[in-house]
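Just follow the structure's listing: the first ligand is 1, and inside any ligand the first atom is 1.
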Amino acid sequence: MTRLICTANRGFSVYAMEELKRLFAGFSLQFRQLAAGEIFMMEADTGREEALLAIRGREPIFLRHVQPIDKALPIRGNADDLQALSELVRNARLRGEGKTVAVHLRRADGTRYPYSAADTKAVVDAVLAETGSEPAVQSPELILSLYAGEEELYAGWGTPEEQLSDWPGGAIRFQREEGQISRAKFKLLEAERAFKLHLADFRSALDIGAAPGGWTSLLLERGLKVTAVDPAELHASLAGHPRLTYMNKNASEVKFKPASFDLLVCDMSWSPMLMVKLVLELEAALAGGAAAIITVKLMHKKPLQTIRDVIAKLETVFELRKAKQLFHNRDEITIYLVKR
Ligand SMILES: C[S@@+](CC[C@H](N)C(=O)[O-])C[C@H]1O[C@@H](n2cnc3c(N)ncnc32)[C@H](O)[C@@H]1O
């Protein structure tokens, strides 16, 4: 029996469960909600490694983070909690010996666990150092994830790959920069990491639905030439950039020479099927092997069906590499494709 704490973007856990049911078809599964619409426990009659491997192998779109439950400690609400946690980490010394280990704590609303993430980390780090691990914050080899529920503190070890993220609960944060044009920029920054892309490796990008220009500004920062298409204005700070061509048009009105771009990005606030039609009309402007990063709005009640339909249409021209609801996506997901 394996227990996992699963996290989705708020309001989307029901779809993550749906995907997990499909992934573990034939196994007995039980779900228990921990935080409404967002965090839930999955109990499956399968082995721990088997479960984590299955999830990594076919990563559910709406599952942002997964934490195995290797141990559960009753919460007393006083210093005994830190004592018990230290003991647990000491006894599990072999898991982290010789490795860099990060400690992540999430606290449920209403938990009796009294300590902050920083206080917990300070204590656990000392035990880790004592037992031959190297406490780390950035790029750890292993993460000790802790979830303080109402009555129990759940602890689980896993690599960032197994947990699907190296951020607590998959909630990746970026620093807001001075003069940043839009919050949308965070979506492309997150996509770059989630899809293991090196945007700087591309030469020439087409950005449709570009205004006010957050994505365009990131592509320019990465050194690309960018053609930005939008009937709305770009932010004034982008005007006159030597590598930027701005077309003040609807994307259905533009035409390009064949194979002009090796990257298409599309973050249009539009119906998914109209977006697909536009992208397919512009397909000849992309070179073979070009990448596409596209936001898919989830406009009606059946997101999984919408996603299947969108992907099936795009697969006539592209190969899907990954579809994911990113932490910075709201009622949408992001897909990464490569032109055949
Ligand atoms: C969410 S915003 C894009 C934000 C942008 N990615 C950024 O980082 O600043 C969506 C944009 O899509 C544009 N849009 C919607 N339909 C479009 C179409 N048919 N052709 C071009 N742009 C379109 C809207 O004008 C709007 O500026």
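Side-chain contact, Thr100 with Glu134: no donor N or O sits under 3.5 Å from an acceptor N or O. Between the side chains of Glu253 and Asn250, no donor-acceptor pair is found at a separation under 3.5 Å. Side-chain atoms of Asn329 and Thr334 include a donor-acceptor pair closer than 3.5 Å.
Proximity of Ile181 to ligand 1 is not established, as no heavy-atom distance is less than 4.0 Å. Heavy atoms of Ile208 come nearer than 4.0 angstrom to ligand 1 in no pair at all.
In summary, the atoms of ligand 1 found under 4.0 Å from a heavy atom of Asp267, numbered by their order in the structure, are 1 (C), 2 (S), 3 (C), 4 (C), 5 (C), 6 (N), 10 (C). Contact atoms of ligand 1 toward Ala251: 18 (C), 20 (N), 21 (C) (distance under 4.0 Å to a heavy atom of the residue). Residue contact check: Gly213 has heavy atoms under 4.0 Å from atoms 7 (C), 9 (O) of ligand 1. Atoms of ligand 1 found under 4.0 Å from any heavy atom of Gly214, numbered from 1 in the order shown, are 7 (C), 8 (O), 9 (O).
The side chain of Trp270, and not its backbone, has at least one atom closer than 4.0 Å to an atom of ligand 1 (non-hydrogen atoms only; side chain from C-beta on). If you look at Ser182 next to ligand 1, the close heavy atoms, those under 4.0 Å, all belong to the side chain. Contact annotation for Ser252 and ligand 1: no heavy atom of the residue comes within less than 4.0 Å of the ligand.
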Going by atom type alone, with no hydrogens or angles, which donor-acceptor pairs under 3.5 Å involve a side-chain atom of residues 254-266 and a protein atom two or more places apart or on another chain?
{"from": "Ser260", "atom 1": "OG", "to": "Lys257", "atom 2": "O", "distance (Å)": "2.5"}
{"from": "Asp262", "atom 1": "OD1", "to": "Arg203", "atom 2": "N", "distance (Å)": "3.2"}
{"from": "Asp262", "atom 1": "OD1", "to": "Ser204", "atom 2": "N", "distance (Å)": "3.0"}
{"from": "Asp262", "atom 1": "OD2", "to": "Arg203", "atom 2": "N", "distance (Å)": "2.9"}

Please table the atom pairs, donor to acceptor, closer than 3.5 Å between any side-chain atom in residues 101-111 and protein atoms at least two apart or in another chain.
{"from": "Arg106", "atom 1": "NH1", "to": "Thr7", "atom 2": "OG1", "distance (Å)": "2.9"}
{"from": "Arg106", "atom 1": "NH2", "to": "Thr7", "atom 2": "OG1", "distance (Å)": "3.3"}
{"from": "Arg107", "atom 1": "NH1", "to": "Tyr113", "atom 2": "O", "distance (Å)": "2.6"}
{"from": "Arg107", "atom 1": "NH1", "to": "Tyr115", "atom 2": "O", "distance (Å)": "2.9"}
{"from": "Thr111", "atom 1": "OG1", "to": "Tyr113", "atom 2": "N", "distance (Å)": "3.1"}
{"from": "Thr111", "atom 1": "OG1", "to": "Gly149", "atom 2": "O", "distance (Å)": "2.6"}

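Between Arg22 and Glu19 there is no salt bridge, since no side-chain N of the basic residue sits under 4.0 Å from a carboxylate O of the acidic one. In this structure, Glu161 does not pair ionically with Arg56, as no charged nitrogen and carboxylate oxygen lie closer than 4.0 Å.
Heavy-atom proximity to atom 3 (C) of ligand 1, evaluated over Ala210, Ala184, Ala211, Ser271, is greatest for Ala211. Here the shortest heavy-atom distance to atom 11 (C) of ligand 1, taken over Leu188, Asn248, Asp230, belongs to Asp230. Of the options Glu332, Lys187, Met268, the smallest heavy-atom separation from atom 18 (C) of ligand 1 is shown by Met268.
Residue-environment remark: CD (Gln305) exceeds the threshold of 12 foreign heavy atoms within 6.0 Å.
When hydrogens are left out, the protein atom nearest atom 12 (O) of ligand 1 is Gly209 CA, 3.4 Å; that is the closest non-hydrogen contact. The shortest contact between atom 19 (N) of ligand 1 and any protein heavy atom is with Asn250 OD1, 3.0 Å.
Between Arg193 and Trp167, the closest heavy-atom pair is NH2-NE1, 3.7 Å.
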